[in-house]
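Naming convention: chains lettered A, B, ... in sequence-line order (proteins, then strands); numbering from 1 in each chain.
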Protein chains: 2
Amino acid sequence: MSDTTKTSLTPVAQKFILHWGEMGTKWGINRTVAQVHALLFLSPHPVPADEISSTLSVARSNVSTSLRELQGWGIVRLVHVLGDRRDHFETTKDVWEIFQTVSEERKRREIDPTLRVLAECVQELKAGAQGETYTRERLESMLDFLTIMTGLFEEILRMPVGALKGVGKLRGKVITLLGSEKKKAG
Amino acid sequence: MSDTTKTSLTPVAQKFILHWGEMGTKWGINRTVAQVHALLFLSPHPVPADEISSTLSVARSNVSTSLRELQGWGIVRLVHVLGDRRDHFETTKDVWEIFQTVSEERKRREIDPTLRVLAECVQELKAGAQGETYTRERLESMLDFLTIMTGLFEEILRMPVGALKGVGKLRGKVITLLGSEKKKAG
DNA sequence: CAGTATGTACAGAATATACTGCACGGACGG
DNA sequence: CCGTCCGTGCAGTATATTCTGTACATACTG
């Protein structure tokens with residue numbers, strides 16, 4: 001069943017996929033990787049790699065690499081389809097879930113190491129009792145900020161899928177609450 | 001007064017600046033740009049371009065470009081120092097403010113255009129009453145998500161400088177509140 | 001077991017990005 | 001007015017990243 005369905009994209013799908021690719025590059029994600037993700041996101045069925053390859057006009061091996069990358073990020077899974085030997089791929093369809101997954105992974109890969117480096121820097125400055133007071137102040141404020149911010153962010157991420165709509169409705173109120181609580185506390 | 005002070009970096013400063021550079025690249029920001037920013041962030045005084053150049057060992061013109069870029073992001077300002085013809089540069093020192101500024105700019109440059117594209121796509125799908133129901137569902141859910149999310153984020157950003165500490169304290173409570181409100185509403 | 005389908009690793013080519021060095025222009029200093 | 005300082009634009013170079021094509025491994029098919 002090498003029915004390599006030559007899937008061609010509708011104009012809208014194409015528009016979205018291309019834009020998603022650009023978007024990706026601006027956030028440090030490989031264009032092809034982002035495009036593959038967009039394609040899977042729009043596809044109602046799992047898609048085999050060679051079909052992705054022909055649809056996007058990129059080398060088969062490139063698709064392979066991109067899929068591996070996306071699996072690494074935890075938003076693409078390999079699945080099988082009855083009567084087809086080939087691996088098929090699908091992505092998480094729930095947008096909030098995608099966001100959660102990617103954010104957590106990015107935190108793990110990029111923020112956590114930064115926190116570690118900052119902590120080390122501060123530590124080293126505490127040890128060598130030099131006149132680097134200013135540097136230390138700056139680094140500490142940065143460390144504090146990132147710590148609080150990621151903590152907050154993590155809690156938001158931990159909210160159940162779909163809670164977002166609730167947040168949407170509550171919005172204005174909640175933030176105002178935060179603001180006023182702050183005033184009281186300050 | 002071409003007192004081009006050959007400033008050399010302390011080990012800690014160097015460590016931070018290098019890491020910040022790497023960090024930058026992972027988020028789609030030029031390494032040198034990030035390094036220049038880190039340098040300014042740690043510096044107690046405004047710094048002239050040639051000093052940045054020699055301290056980081058990058059070409060003068062490269063520094064010039066990077067500074068322009070940082071000014072474009074709104075986190076670096078040109079200032080003058082008495083008795084010195086040269087332009088000096090300083091960055092915002094408040095980390096929360098840096099975060100606010102950069103986030104807003106990134107939203108403006110990257111998220112907003114995406115929202116626009118998504119809206120267009122959805123619109124086009126509504127017009128041409130095709131069988132692209134699935135595509136439309138996906139794109140709509142993405143559009144909804146991004147709309148809500150950026151709205152929420154914007155409100156958070158609008159919180160006064162320093163409110164963050166308050167939020168830090170309130171944290172657990174607030175998020176729990178959000179969660180339970182959701183349950184009630186659902 | 002031969003033959004074919006499928007997936008992946010990797011070397012080299014192609015491209016994009018970043019950086020340097022210099023040249024030019026304006027402004028200042030005497 | 002020179003001579004110098006300073007900033008910026010740009011052409012060419014260097015580097016990093018991405019992509020392709022092929023070669024190889026594995027596993028299924030008959």
Output, in order, the C-alpha distance, side-chain angles, deciding distance and verdict of side-chain hydrogen bond (donor to acceptor under 3.5 Å, both in side chains) for B:Asp84 and B:His80. CA-CA 7 Å; B:Asp84 196 334; B:His80 281 111; over 6 Å; no
Side chain of [X], heavy atoms from C-beta onward: which of [options] has the nearest atom to it?
{"X": "A:Ser64", "options": "C:dT8, C:dT6, C:dC19", "answer": "C:dT8"}
{"X": "B:Asp87", "options": "D:dC6, D:dG7, C:dT6", "answer": "D:dG7"}
{"X": "B:Ala59", "options": "C:dT20, C:dT6, D:dT20", "answer": "C:dT20"}
{"X": "A:Ser61", "options": "C:dA18, D:dC6, D:dT22", "answer": "D:dT22"}
{"X": "A:Val58", "options": "C:dC19, C:dT8, D:dT20", "answer": "D:dT20"}
{"X": "A:Arg86", "options": "D:dC28, C:dG7, D:dT8", "answer": "C:dG7"}
{"X": "A:Arg85", "options": "C:dG7, C:dA18, C:dA5", "answer": "C:dA5"}
{"X": "B:Thr32", "options": "D:dC6, C:dC19, D:dG7", "answer": "C:dC19"}

Output yes when at least one side-chain N/O atom of B:Arg68 is less than 4.0 Å from OP1 or OP2 of D:dT8, else no. yes
Is [X] touching bases, backbone alone, or none of the nucleic acid, heavy atoms closer than 4.0 Å?
{"X": "B:Thr65", "value": "nothing"}
{"X": "A:Asn62", "value": "base"}
{"X": "A:Arg31", "value": "nothing"}

ILVMFWY network linking B:Ile156 to B:Val95, side-chain heavy atoms under 4.5 angstrom: yes
For residues B:Val122 and B:Val117: do they belong to one hydrophobic cluster (side chain heavy atoms under 4.5 Å, members Ile, Leu, Val, Met, Phe, Trp, Tyr)? no
Give the rounded distance in Å between these two atoms: NZ of B:Lys26 and P of C:dT17. 19 Å
Whole angstrom is fine here: how far is it from CD in A:Gln71 over to C1' in C:dG7? 12 Å
Tell me which one of A:Arg138, A:Arg136, A:Glu137 satisfies side-chain contact (heavy atoms from CB on, under 4.5 Å) with A:Glu140.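 Exactly one option meets the side-chain contact (heavy atoms from CB on, under 4.5 Å) with A:Glu140, and it is A:Arg136.
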